[in-house]
Amino acid sequence: AQKITQTQPGMFVQEKEAVTLDCTYDTSDPSYGLFWYKQPSSGEMIFLIYQGSYDQQNATEGRYSLNFQKARKSANLVISASQLGDSAMYFCAMRKTGTASKLTFGTGTRLQVTL
Amino acid sequence: DTAVSQTPKYLVTQMGNDKSIKCEQNLGHDTMYWYKQDSKKFLKIMFSYNNKELIINETVPNRFSPKSPDKAHLNLHINSLELGDSAVYFCASSQLQGAADTQYFGPGTRLTVL
């Protein structure tokens with residue numbers, strides 16, 4: 001069975017600083033994908049970034065990067081130059097290859113960006 | 001041009017009633033999903049359809065019945081609503097392509113059962 005662990009229920013970061021949100025995962029499958037989603041207070045789920053288990057390079061999307069350490073089974077999200085609009089819940093999720101394509105989510109981290 | 005849309009956004013109803021939530025995607029994806037987010041913000045898969053065929057059916061009470069009339073639509077019907085059904089229900093869609101397929105979510109439907 002797959003499991004995602006996010007150990008930080010809440011984080012604070014000052015505007016313009018970088019912040020790392022932790023995510024560890026557990027799976028016995030060799031092929032899997034790791035995702036991060038953002039949920040602002042308005043409630044929608046916004047896809048941020050994806051990392052494949054066989055990808056050699058860490059994924060980057062604008063100010064978001066994924067620090068993927070396969071041996072440690074961690075997939076931390078790094079947000080650079082934080083903005084007030086980054087204040088939201090952040091969810092790490094995983095899915096394995098296969099027809100049954102469900103995402104397994106972590107419990108989320110609430111990020112608050114301060115002035 | 002909304003990619004994944006859900007109606008209604010809010011649904012308030014009495015215990016015992018039957019209600020439906022509709023979902024439509026215009027991304028041309030072949031797979032659609034229903035997720036439930038509880039009061040602690042935990043998200044869990046309920047159902048998934050691929051080309052109108054049910055491929056995931058997690059441990060969900062059979063009061064919940066998904067229906068996919070075509071691959072762009074996935075509706076969720078709930079019979080005999082209970083207090084514990086209060087949650088946010090998200091529809092999502094993706095194009096199956098191995099581990100890389102990205103699921104895009106609708107805006108969610110907040111269901112409140114009184």
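Throughout, a chain's letter reflects where its sequence line sits, starting with A, and its residues are numbered from 1.
With a 4.5 angstrom heavy-atom cutoff, A:Tyr37 touches chain B only via side-chain atoms. For a residue to count as touching a neighbouring chain, one of its non-hydrogen atoms must lie under 4.5 Å from one of that chain's; by this rule A:Met89 touches chain B with the side chain only. Using a 4.5 Å cut-off between heavy atoms, A:Gln51 does not touch chain B at all. Looking at A:Thr104, there are no atoms closer than 4.5 Å to chain B (heavy atoms on both sides), in backbone or side chain.
Atoms NZ and OG1, from A:Lys3 and A:Thr24 in turn, are 8.5 Å apart once rounded to the nearest 0.5 Å.
Aromatic rings of A:Phe47 and B:Phe105 (six-membered ring for Trp) have centroids beyond the 6.0 Å cut-off, not under it. Taking the ring centroids of A:Phe35 and A:Phe91, they lie at or beyond the 6.0 Å cut-off.
Top candidate by heavy-atom pairs under 4.5 Å with chain A, chosen from B:Lys40, B:Lys41, B:Arg110, is B:Lys41.
Between B:Asp38 and B:Lys44 no salt bridge is recorded (no basic side-chain N to carboxylate O distance below 4.0 Å).
With hydrophobic clusters built from ILVMFWY side chains whose heavy atoms lie under 4.5 angstrom apart, A:Val19 does not share a cluster with A:Ile46.
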